[in-house]
Amino acid sequence: MNGDVPVLTIDGPSGVGKGAVSARVAAELGWQVLDSGAVYRAVALAALEQGLGEDQRDALIALSRRLPLSFRPGDDGIDVLLDGRPVGPQLRTEPVSAMASKVAAIPEIRAALLALQRDCRRPPGLVADGRDMGTVVFPDAPVKVFLDASVDERAKRRYKQLKEKGEPVILARLFRDMQERDRRDRERAIAPTVPAEDAEVIDTTHLALDKVVASILERVRSRIRLPSRED
Ligand code: DC
């Protein structure tokens, strides 16, 4: 139904800068953004708030099937609302990150969240940021990229981000947690974090954000006929 709406998928491991790149590219194109990590984080937050543990599989699946999640344009991009309540900052805490990676490994939860994600495909286009955007959620996307960077570089980027927000953080711990989460996300049986066959892999370890954004925009413009400003 909405298959005519162009989608750019941006997949890759945590801390690679997908969020910043997606926001910049979407602003340039005037497209919507789907932060699919926020969807898994919202399940994790709701679960923790209800006192559910990772071993309560059935309750977690039931929760993901009736997740009262919505998005709306906010001051800093998109606000994520859980039951109508903005939860942006709560989604970014370490306990929520750890739980999100666990709920994301449950196949029934991934299936329950598909429709919600595909619903975000709205005109004039969508930038979908995640792990399986190009492989599972939008396999027909006309442009797919996979961003990568060494775990060392990604841990440093995340460290800088958290420091700027004034959050207490220990680099060695961040590095270890990131390695652990990477392993879980890459090795899980369902929708592991791997590039789609038709994705362009961009190693951003030594690339500035501007360069990454420019290279993706060039790719989109060469693949998709975008309306000119006069259209
Ligand atoms: O990108 P992020 O760190 O906000 O993602 C949070 C967790 O959700 C992470 O463990 C990977 C998982 N995730 C996923 O499995 N599939 C996606 N499309 C996006 C995120």
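Whatever order the structure lists ligands and atoms in, that order sets their numbers, starting from 1.
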Is [X] salt-bridged to [Y], cutoff N-O under 4.0 Å?
X: E153; Y: K156; value: no
X: D35; Y: R92; value: yes
X: E49; Y: R85; value: yes
X: D177; Y: R158; value: no

_Any side-chain to backbone donor/acceptor pair from D79 onto R72? Under 3.5 Å, distance only._
no
With atoms numbered from 1 as shown, which atoms in ligand 1 lie under 4.0 angstrom from a non-hydrogen atom of [X]?
X: D185; answer: 9 (C), 10 (O), 11 (C)
X: M133; answer: 18 (N)
X: A104; answer: 12 (C), 15 (O)
X: S101; answer: 10 (O)
X: D132; answer: 16 (N), 17 (C), 18 (N)

Tell me the protein heavy atom at minimum distance from [atom], and give that distance in Å.
atom: atom 20 (C) of ligand 1; result: G37 CA, 3.6 Å
atom: atom 8 (O) of ligand 1; result: Y40 CB, 3.5 Å
atom: atom 16 (N) of ligand 1; result: R110 NH2, 3.0 Å
atom: atom 19 (C) of ligand 1; result: S36 OG, 3.4 Å
atom: atom 4 (O) of ligand 1; result: R41 NE, 2.6 Å
atom: atom 7 (C) of ligand 1; result: A100 CB, 3.9 Å

*Following the transitive rule for hydrophobic clusters with a side-chain heavy-atom cut-off under 4.5 Å over Ile, Leu, Val, Met, Phe, Trp and Tyr, establish whether V137 and L126 coincide in one cluster.*
yes
*Which option out of R181, M99, Q117, R131 puts a heavy atom nearest to atom 9 (C) of ligand 1?*
R131
*Will you find, in the side chains of T204 and R157, an N or O donor that is under 3.5 Å from an N or O acceptor?*
yes
*So, D152 and S150: side-chain donor and acceptor under 3.5 Å apart, yes or no?*
no
*Can you check side chain to side chain contact (heavy atoms under 4.5 Å, CB included) on T193 and R181, steps first, answer last?*
CA-CA 11 Å; T193 308; R181 221 176 307 146; over 6 Å; no
_Can you tell me which portion of R184 lies within the under-4.0 Å heavy-atom range of ligand 1? Options are side chain, backbone, both, or neither._
neither
*Should R188 be listed as contacting ligand 1, given a heavy-atom distance under 4.0 Å as the test?*
yes
